[in-house]
2 protein chains.
Amino acid sequence: MPNSDDSTRVRLLDAAGTVFADRGFDKATVREICTRADVNLAAVNYHFGDKARLYVETLLHAHEVVFEQVPLPKWSEDTPPQQKLADFIETMLQRMLLARSLPWQARLMMREFVAPTTDCRELAETYIQPHNRILMEIIGELVPAETPEYSRFQIAFSIVGQCMFYKMNSSLMQALVPEEQIAEHFGPATLARHITAFSLAALGQPDHFQKYLQTLSEEIAT
Amino acid sequence: MPNSDDSTRVRLLDAAGTVFADRGFDKATVREICTRADVNLAAVNYHFGDKARLYVETLLHAHEVVFEQVPLPKWSEDTPPQQKLADFIETMLQRMLLARSLPWQARLMMREFVAPTTDCRELAETYIQPHNRILMEIIGELVPAETPEYSRFQIAFSIVGQCMFYKMNSSLMQALVPEEQIAEHFGPATLARHITAFSLAALGQPDHFQKYLQTLSEEIAT
DNA sequence: ATATGTTTCATACAGTTGTTTGAAACGTGT
DNA sequence: ACACGTTTCAAACAACTGTATGAAACATAT
């Protein structure tokens with residue numbers, strides 16, 4: 001009957017998180033997970049049945065933690081959609097760049113986005129769908145009413161795509177961008193400003209990106 | 001001395017391509033590769049030393065083939081940068097979506113972008129850097145002259161990020177977008193048009209995306 | 001204290017993996 | 001026809017994997 005805060009279970013869940021995150025599902029071994037969790041090898045099979053189910057539960061656990069650790073700000077009735085979009089982008093980036101530091105959850109989420117191991121229907125329904133719906137609603141406020149749905153989907157993916165890119169291709173980025181610039185101009189806050197401006201401009205708020213670029217060159221000039 | 005068009009070598013290289021592409025480095029087995037190539041199991045070790053070196057050579061081979069199979073169009077002196085950007089995006093998407101059909105090279109490239117197995121310095125220098133340089137030059141023609149370099153990097157990544165997203169998250173996309181819409185509105189040509197319009201609008205060619213959206217809703221209306 | 005259900009443990013098992021081996025087959029120049 | 005370097009082959013090896021097992025340790029309620 002004691003089940004909820006079972007120490008071995010959560011210890012296993014945590015250890016599995018780190019290991020899965022930086023080894024991937026295949027290269028991660030049950031043995032390493034158990035060693036790290038300081039539990040017996042058989043514990044995985046006892047508590048989760050097999051490696052695959054442990055993985056799924058770890059994924060769900062990871063999303064839960066990240067989503068509540070970096071929540072979306074509350075918006076009032078009259079928050080302008082531009083502000084909402086800015087918030088959304090910054091939240092998304094922070095959730096992703098969270099992985100840079102200690103917690104492993106974001107890294108794990110990214111991995112699953114990119115090379116899905118399970119069919120992850122449950123994951124999509126529980127976390128990704130609602131998240132995407134919010135973005136779609138914001139976009140709905142920013143485009144003409146007649147804009148077809150598929151077009152709004154494309155816009156959503158254009159925005160999300162920008163965010164994801166920085167997280168996933170950090171190694172590629174480091175091969176292309178000089179090191180000094182990375183430290184200074186590719187942190188979460190700066191990137192959020194860039195992506196927001198870029199996307200708002202694309203959506204017919206032309207001032208945003210042009211003004212933003214002007215600001216930058218003025219900063220440089222001084 | 002016979003080395004260049006060694007039949008087993010290239011057969012191995014091709015088979016390795018397909019297998020690595022849809023299984024990934026870890027899950028791909030030397031056995032499957034050899035079976036598919038119709039060569040003996042020991043051939044990999046004889047010709048390439050080990051699995052890792054086979055992988056690297058496969059990667060280089062893949063890039064070479066894709067880049068020459070889907071080349072950038074030639075531009076004249078007075079090709080407008082808007083056109084160049086459109087071409088660049090379409091080429092990139094076609095290279096990526098190429099993977100949908102027979103050839104495996106693009107899938108493989110994507111995999112390596114996302115979860116690099118090797119440090120792939122050679123890859124970055126030979127293929128990715130020059131490719132990125134072209135994009136940076138196009139962007140240079142589209143933004144104010146004073147725009148700082150890091151900002152142009154960010155813009156480049158915003159564009160590339162959009163393209164990559166569709167390729168990598170096709171499974172995620174399928175979970176979010178209704179099936180009928182995918183077939184009709186998420187092919188390479190349509191996506192290229194969307195991303196081009198979106199990005200040009202962001203870069204202060206506001207007409208592009210607004211006009212594009214208008215066109216869409218008019219098409220719907222009829 | 002005893003019994004019962006739960007959790008942990010050490011160990012073993014069966015399968016798959018990359019890699020090695022040594023002999024056979026092949027091609028080529030003499 | 002011979003010899004020699006190259007390439008192929010079947011078979012085996014050693015290491016590692018996820019999983020199963022059955023006994024021990026534990027907790028809890030009667």
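Every heavy atom of this structure was used, including side-chain atoms; hydrogens, water molecules and symmetry mates were not.
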Open item on the list: Would you say A:His194 and B:Ser151 are linked by a side-chain donor-acceptor pair, where the criterion is simply a distance under 3.5 Å?
Closed with: no

- request: Just jot down the ring pair (Phe, Tyr, Trp, His ring centres under 6.0 Å) partners of A:His131, sequence neighbours excluded, or say none.
  value: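 Expected list: A:Phe67, A:Phe88.
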
Which pairs, protein N/O on one side and nucleotides 9-11 of chain D N/O on the other, fall under 3.5 Å?
from: D:dC9; atom 1: OP2; to: B:Asn40; atom 2: N; distance (Å): 3.3
from: D:dA10; atom 1: N7; to: B:Asn40; atom 2: ND2; distance (Å): 3.3

Rounded to the nearest 0.5 angstrom, the CD1-CD1 distance for A:Ile155 and A:Ile139 is 5.5 Å

Residues which pass side chain to side chain donor-acceptor pair (under 3.5 Å) with [X], listed by chain and number, not counting sequence neighbours:
X	answer
A:Glu57	A:Arg9
B:Thr35	none
A:Gln181	B:Glu149

Of the listed nucleotides D:dG18, D:dT6, D:dA20, the one nearest the side chain of B:Tyr46:
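The closest nucleotide is D:dT6.
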
| field | Nucleotide of D:dT19, C:dT6, C:dG18 approaching A:Asp50 most closely (side-chain heavy atoms) | value |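 Selected nucleotide: D:dT19.
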
Exercise. Think A:His47 has a side-chain N or O under 4.0 angstrom from the OP1 or OP2 of C:dT8?
Worked result: yes

Quiz item: With sequence neighbours left out, which residue pairs that include part of residues 29-44 of chain B fulfil the salt bridge (charged side-chain N to carboxylate O under 4.0 Å, His left out) condition?
Solution: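 Sorted result for residues 29-44 of chain B: B:Arg23-B:Glu32, B:Glu32-B:Arg36.
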
Sorted by number, residues from residues 26-34 of chain B placing a heavy atom under 4.0 Å from DNA chain C are B:Ala28, B:Thr29, B:Val30, B:Arg31

Output the rounded distance in Å from [atom1] ([X]) to [atom2] ([N]).
X	N	atom1	atom2	answer
B:Lys51	C:dG18	NZ	P	4 Å
A:Asn45	C:dT7	CG	C1'	14 Å
A:Arg9	C:dT6	CZ	P	15 Å
B:Phe25	C:dT17	CZ	P	14 Å
A:Leu12	C:dT7	CG	C1'	13 Å

So the side-chain hydrogen bond (donor to acceptor under 3.5 Å, both in side chains) pairs with at least one residue in residues 83-93 of chain A (sequence neighbours excluded) are A:Trp75-A:Asp87, A:Gln83-A:Asp87, A:Lys84-A:Glu141

For B:Asp26, the side chain to side chain contact (heavy atoms under 4.5 Å, CB included) test, sequence neighbours excluded, returns A:Asp26, A:Lys27

